[in-house]
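First comes the structure, then the notes that go with it.
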Amino acid sequence: MSYTQMTINILGAIREVPYGFVCSYGEVARAAGYPNGARQVVRVLSSLGSKENLPWHRIVNKKGEIALSGDGEFEQIVRLELEGVKFVKEGKVDPNCFYHYK
DNA sequence: CTGCTGACGGTTC
DNA sequence: GGAACCGCCAGCA
């Protein structure tokens, strides 16, 4: 496994999200050093999400909604609820559970 | 090498 | 308030 620096930075940023919190794509990208890299975060999660042992379920879009649909969405919701993340609505996490990088 | 795609976000109209 | 674009760039065909 040899990734580009960008991928490594993004992976690192994703791993910083603590248990019981969620984070948006944009924030992860910013934390990794790419202010406009949301789409790259998408790529990383999509292609390496399950392979790299990432807390992929802690990443949602800025509105706090699950960006996946169908099967993946269900699994993500289950995993988050298991961590104590609250939902204000089906498929939408409580804004208070958002983690903000320093 | 070229073009298309993607679990998004911000701006504009 | 919401739809429509544009930017961003690593992978893969």
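Residue numbering restarts at 1 for every chain, and letters A, B, ... go by the order of the sequence lines. Every heavy atom of this structure was used, including side-chain atoms; hydrogens, water molecules and symmetry mates were not. Predicted model, so just to flag it, every value in this text is computed and none were measured.
A/L80 is listed as a side-chain neighbour of A/F87, based on a closest heavy-atom distance under 4.5 Å.
A/Q76 places no side-chain N or O within 3.5 Å of a backbone atom of A/V60 that could act as its donor or acceptor partner.
Annotation: the span from A/H57 atom NE2 to A/L54 atom CG amounts to 10.0 Å, rounded to 0.5 Å. Separating the CG atom in A/L48 from the CZ atom in A/R43 is a distance of 8.0 Å, to the nearest 0.5 Å.
Atoms CG (A/N9) and C1' (C/dC8) sit 16 Å apart, rounded to a whole Å. Distance, A/L45 CG to C/dC8 C1': 16 Å, rounded to whole Å. Regarding A/Y3, its OH atom lies at a distance of 10 Å from the P atom of C/dC12, rounded to whole Å. Per the geometry, CE belonging to A/M6 stands 11 Å off P belonging to C/dC8, to the nearest Å. With rounding to whole Å, A/Q5 atom CD is found 12 Å from C/dG11 atom P.
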Show every donor-acceptor pair shorter than 3.5 Å between a side-chain atom in residues 6-28 of chain A and any protein atom, with sequence neighbours excluded, or say none if there are none.
unit_1, atom_1, unit_2, atom_2, d
A/T7, OG1, A/T4, OG1, 3.0
A/N9, OD1, A/Q5, NE2, 3.2
A/N9, ND2, A/Q5, O, 3.4
A/N9, ND2, A/Y34, OH, 3.2
A/R15, NH1, A/E52, O, 3.2
A/Y19, OH, A/L82, O, 3.4
A/S24, OG, A/E27, N, 3.2
A/E27, OE2, A/H100, ND1, 2.6

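For DNA chain B, the residues of residues 58-69 of chain A within the heavy-atom distance limit of 4.0 Å (strictly under) are A/N61, A/K62, A/A67, A/L68, sorted by number. Within a heavy-atom distance below 4.0 Å of DNA chain B, the residues of residues 20-36 of chain A found are A/S24, A/Y25, A/G26.
More than 12 heavy-atom neighbours from other residues, nucleotides or ligands sit within 6.0 angstrom of OH on A/Y101.
From the 5' end on, the contacts that DNA chain B makes with chain A at under 4.0 Å to a non-hydrogen atom open and close at B/dG6 to B/dG10.
Sorted by first and then second residue, the pairs that involve residues 58-71 of chain A and meet salt bridge (charged side-chain N to carboxylate O under 4.0 Å, His left out), not counting sequence neighbours, are A/R58-A/E83, A/K63-A/E65.
Across all strands, A/T4 comes closer than 4.0 Å only to sugar-phosphate atoms, never to a base (heavy-atom distances).
With DNA chain C read from its 5' end, the first of the two nearest nucleotides for A/R43 and A/G37 is the one closest to A/G37.
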> Given A/I66 and A/F74, is the side chain to side chain contact (heavy atoms under 4.5 Å, CB included) satisfied, shown in steps?
Replying inline: CA-CA 9 Å; A/I66 305 299; A/F74 180 73; over 6 Å; no
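With sequence neighbours excluded, the residues forming a salt bridge (charged side-chain N to carboxylate O under 4.0 Å, His left out) with A/E75 are A/R79, listed by chain and number.
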